[in-house]
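Here the structure comes first, spelled out in structure tokens, and everything after it is commentary.
Here is the naming used below: chain letters follow the sequence lines, and residue numbers restart at 1 for every chain. Just so you know, these numbers use all the heavy atoms, side chains as well, and skip hydrogens, waters and symmetry mates.
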2 protein chains.
Amino acid sequence: MTPSAPTPAYRRLSVEERRSQLLNAALTLFAHRTPEDVSLDDVAEAAGVSRPLVYRYFPGGKQQLYEAALRSAAEELQHCFDEPREGPLLPRLSRALDRYLTFVDEHDTGFSALLQGGSVVETSRTTAIVDGVRRAAAEHILSHLEVTDPGLRLRMTVRMWITAVEAASLIWLDEDKEPPVEELRDWLVEQFTAVLAVTAARDPQTAALAEKLAADG
Amino acid sequence: MTPSAPTPAYRRLSVEERRSQLLNAALTLFAHRTPEDVSLDDVAEAAGVSRPLVYRYFPGGKQQLYEAALRSAAEELQHCFDEPREGPLLPRLSRALDRYLTFVDEHDTGFSALLQGGSVVETSRTTAIVDGVRRAAAEHILSHLEVTDPGLRLRMTVRMWITAVEAASLIWLDEDKEPPVEELRDWLVEQFTAVLAVTAARDPQTAALAEKLAADG
């Protein structure tokens with residue numbers, strides 16, 4: 001009950017809060033610098049804590065912290081795909097793309113680093129994190145399209161489009177975020193419809209889907 | 001002039017020939033195993049030479065050999081894009097894709113490793129090799145299209161398509177080379193036309209090009 005010297009603010013955080021604070025500090029740093037240019041001291045400083053405290057939470061050091069930050073970014077990215085299963089399909093895709101592009105915009109450099117894998121850590125593990133996001137994106141799209149047993153041609157079409165969206169995001173960042181994000185979003189949705197139409201000419205399952213999309217508007 | 005014990009066959013190769021023989025042996029191995037699973041002993045054995053000889057040519061060991069093999073594969077890949085500048089444009093694209101898909105077919109595992117960067121070496125360097133091939137592909141396409149000053153939307157369209165082709169190649173390998181290669185090739189050409197048409201609606205330069213392509217057939 002006797003007032004004592006104020007406990008440093010960081011002592012009051014729970015383990016989960018502290019962990020999340022460190023991850024956020026790391027993400028912000030990784031978002032603006034390559035992983036090679038971020039040190040544990042930088043993370044400690046950004047979070048206003050000591051380096052030993054960072055080590056207590058991430059005994060594996062920078063590698064572990066980087067992976068955890070990627071995983072946390074990947075989770076956040078996957079939330080972009082959460083979209084209620086109601087209403088016309090293309091506007092749902094458009095809204096998901098809106099959230100995705102906002103994420104890209106906010107995390108710019110870190111997003112590039114995440115996708116390009118220019119990383120200090122074992123590549124196959126970071127690749128697995130990114131591949132998990134890609135897979136989740138494809139699954140979301142196919143489930144919104146209500147295709148339970150997608151054939152090879154439809155799956156390839158969706159995955160090729162997802163890769164094209166990634167490429168577009170990276171180029172967009174390189175090009176100082178041009179064209180404007182609304183144009184980019186609409187353009188990507190139009191490309192989705194166009195590549196689906198191409199596949200429809202070769203694949204009855206995709207043809208049925210393209211018809212549904214056209215009737216859906 | 002006096003006959004002596006026959007010189008081992010490998011002694012007769014020139015430095016360039018020997019180097020190229022070692023690279024070929026390495027490429028063949030990397031084509032069927034991940035870099036992690038290829039040792040310098042394997043390369044020496046495949047080339048029928050001693051391990052010290054491999055080290056004499058690649059003193060940096062596996063890392064240097066792997067990078068040199070990637071570079072050599074990248075060069076070979078770039079030759080796929082060599083196409084005479086005559087005749088209708090889409091058949092040119094189709095022939096280049098044919099050669100590219102033959103390369104993918106022949107190097108399968110090594111091609112995946114090259115693109116996915118699941119590598120033992122510094123990622124940024126192997127990424128640069130792969131990015132060089134991507135850039136070369138985009139430049140070839142734009143030069144065949146005779147666009148000297150491509151705008152952002154056209155450049156993005158071409159680069160997105162190239163990424164989609166890469167994704168298609170990797171999925172194709174994963175899916176036991178289905179659909180048949182001729183179908184995949186035609187499908188990719190059709191996608192090129194389709195995404196160009198989408199961009200044409202937003203970009204006068206691409207619109208002019210799409211018209212040229214349509215008149216070209």
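- Taken from CZ in A/R99 to CG in A/D82, the straight-line distance is 7.0 Å, to the nearest 0.5 Å.
- The part of A/E175 that comes within reach of chain B is its side chain, from C-beta onward, which places non-hydrogen atoms under 4.5 angstrom from that chain.
- Contact check for B/R19 versus B/F58: side-chain heavy atoms found under the 4.5 Å cut-off.
- With chain A as the partner, the residue from B/D186, B/T193, B/L184 showing the most heavy-atom pairs under 4.5 Å is B/D186.
- A/L188 places a side-chain heavy atom less than 4.5 Å from the side chain of A/W161.
- Of the charged side-chain nitrogens involved, at least one lies within less than 4.0 Å of a carboxylate oxygen, so that A/E183 and B/R153 count as a salt-bridged pair.
- Highest contact tally toward chain B, considering only A/A197, A/A168, A/A201, A/A194, is held by A/A168 [criterion: heavy-atom pairs under 4.5 Å].
- A salt bridge is defined here as a Lys NZ or Arg NE, NH1 or NH2 lying under 4.0 Å from an Asp or Glu carboxylate O, and A/R92 with A/E83 fails to meet this definition.
- In terms of heavy-atom pairs under 4.5 Å with chain B, the best-connected choice from A/V195, A/T163, A/V165 is A/T163.
- Neither the backbone nor the side chain of A/L196 has a heavy atom closer than 4.5 Å to any heavy atom of chain B.
- Only the side chain of A/R155 comes within contact range of chain B, with heavy atoms under 4.5 Å apart.
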